[in-house]
Amino acid sequence: MPELPEVETYRRFLDDLVVDQTITALEVKDPKVLATDEDTLRRALTGRTITRTSRLGKNCFLHLDDDRVLVLHFGMTGDVGAYRDEPDAPRFTRVALHLASGLRVAFVDARKFGRIRLAEGVAQYQKAKKLGPDALDITAAQLQQALGTRKPMIKPLLLDQSITAGLGNWIVDEVLFQARIHPERRAHTLSTAEFEALHAAIQLVLSTAIRHEATYRYFPASFLIHAREWDDSATPGTNNHIYCPRHPKTEIAKSYVGGRATYYCPRCQPPPTAAA
DNA sequence: ACTCTTGTTCATAA
DNA sequence: GTTATGAACAAGAG
């Protein structure tokens with residue numbers, strides 16, 4: 001789940017609970033998700049106060065009162081939760097921050113691809129991880145600058161966090177659908193107008209997703225997301241959801257691009273041979 | 001029992 | 001340095 005809109009939703013949830021709170025203890029239920037040594041982390045966190053939260057791409061930051069930051073990356077299945085008493089700890093809680101308020105903030109991650117680490121600051125972490133500008137901040141011109149001369153297919157490039165941070169598999173499909181660009185188009189064949197459409201689509205998809213707190217079933221009917229297999233709104237036995245929102249008789253196609261499951265409308269998004 | 005997966009990183013080779 | 005591909009990580013969901 002955790003692409004940019006999910007992480008922004010987690011950040012807002014955490015912000016209300018942790019800002020101005022002092023960390024009284026670090027509880028590690030599974031050290032697998034720690035990218036910083038447990039003892040180092042415990043010494044760095046205990047007694048510190050969280051001053052604010054922020055986000056870059058799919059990373060959430062809790063800023064400490066010594067200007068260092070706790071970095072939360074949620075992998076494939078990460079989530080956050082809050083509880084007071086141990087029996088109420090969410091299933092798959094891997095780490096919990098105990099706060100002076102008595103609340104415990106849970107880092108929940110069934111699949112354990114998520115990571116928690118300490119960093120000297122956001123800038124230092126961004127450089128170390130080679131993260132590009134946040135997908136909500138990048139401009140159409142920056143996008144064209146970064147991609148206009150690149151030969152690979154547009155979809156894998158949009159997933160590359162060093163170009164712009166925050167876009168994941170389903171968002172890229174949604175963005176390309178909204179921009180009417182085929183996922184296999186080579187980046188250097190896109191026109192300036194198409195880069196502008198791409199930028200507008202990124203803004204539309206991300207702002208819509210954040211507004212609905214990344215709950216897919218509330219997204220507009222004009223979104224491709226409803227054609228994905230795991231969409232709850234898909235009614236078993238009916239196939240309405242597999243059609244393009246713009247072309248009720250055209251089925252959404254599924255293929256693999258860059259090794260990732262990819263959905264697109266063959267009519268809205270003409271393949272490279274026909275387009276460029 | 002078997003396949004699939006919302007992310008990242010590394011290895012390998014052309 | 002760029003590009004392309006595959007594997008690995010771990011474990012639940014269907």
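To find a chain, count down the sequence lines: A is the first, B the second, and so on, and within it residues start at 1.
In this structure D30(A) satisfies the salt bridge (charged side-chain N to carboxylate O under 4.0 Å, His left out) test together with K112(A), sequence neighbours excluded. For the side chain to side chain contact (heavy atoms under 4.5 Å, CB included) test, residues two or more places apart in sequence or in another chain that qualify with A197(A) are A179(A). Under the salt bridge (charged side-chain N to carboxylate O under 4.0 Å, His left out) criterion, R180(A) pairs with no residue at all, not counting sequence neighbours. Annotation: side-chain hydrogen bond (donor to acceptor under 3.5 Å, both in side chains) contacts of D173(A) (sequence neighbours excluded): K155(A), R228(A). Every residue meeting the salt bridge (charged side-chain N to carboxylate O under 4.0 Å, His left out) condition with E38(A), not counting sequence neighbours, appears here in chain and number order: R42(A). Taking A35(A) as the reference, R115(A), R117(A) meet the side chain to side chain contact (heavy atoms under 4.5 Å, CB included) condition, with sequence neighbours excluded.
For the pair R186(A) CZ and dT3(C) P, the interatomic distance rounds to 10 Å; values are reported in whole Å. Note: CD (E6(A)) to C1' (dT5(B)) measures 14 Å, nearest angstrom. I163(A) places its CD1 atom 15 Å from the P atom of dG7(B), with the value rounded to the nearest Å.
Taking a pair as Watson-Crick or G-U wobble with both distances under 3.5 Å, DNA chain C forms stems of 3 or more consecutive pairs at B:2-5 with C:11-14, B:7-14 with C:2-9.
Distance noted for atom C1' between dC9(C) and dA1(B): 22 Å (whole Å).
For the pair F177(A) and R246(A), the tightest heavy-atom approach, listed with the atom from each and the gap, is O-NH2, 3.2 Å.
Within the 4.5 Å cutoff, no side-chain heavy atoms of L72(A) are placed close to those of N59(A). Within the 4.5 Å cutoff, the side chain of T53(A) has no heavy atoms near those of the H63(A) side chain.
The phosphate of dT5(C) (OP1 or OP2) has no side-chain N or O of Y256(A) nearer than 4.0 angstrom.
A stacked arrangement is not assigned to F74(A) and the six-membered base ring of dG7(B), the conditions of a centre distance below 5.5 Å and an interplanar angle below 30° not being jointly met.
Considering only side-chain atoms of K254(A), the nucleotide from dG7(B), dC9(C), dT5(B) that sits closest is dT5(B).
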Atom pairs, protein N/O to nucleotides 8-14 of chain B N/O, distance under 3.5 Å:
residue	atom	partner	partner atom	Å
dT8(B)	OP1	H73(A)	NE2	3.0
dT8(B)	OP2	K58(A)	NZ	2.9
dT9(B)	OP1	K129(A)	NZ	3.0

Filtered N/O pairs between nucleotides 11-14 of chain C and protein, under 3.5 Å:
residue	atom	partner	partner atom	Å
dA11(C)	OP1	K112(A)	NZ	2.4

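Residue pairs that meet the salt bridge (Lys or Arg N to Asp or Glu O under 4.0 Å) test with at least one member in residues 123-134 of chain A, sequence neighbours left out, are R55(A)-D134(A). For residues 88-100 of chain A, the set of pairs meeting the side-chain hydrogen bond (donor to acceptor under 3.5 Å, both in side chains) definition, not counting sequence neighbours, comprises E27(A)-H98(A).
Within residues 148-158 of chain A, the residues having any heavy atom under 4.0 Å from DNA chain C are, by residue number, R150(A), K151(A), P152(A).
In the displayed structure, Q124(A) atom CD is contacted under 6.0 Å by more than 12 heavy atoms of other residues, nucleotides or ligands.
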Do R12(A) and I210(A) pass the side-chain contact (heavy atoms from CB on, under 4.5 Å) test, and can you show the C-alpha distance, the side-chain angles, and the key distance before you say yes or no? CA-CA 10 Å; R12(A) 292 177 184 186; I210(A) 291 170; 3.5 Å; yes
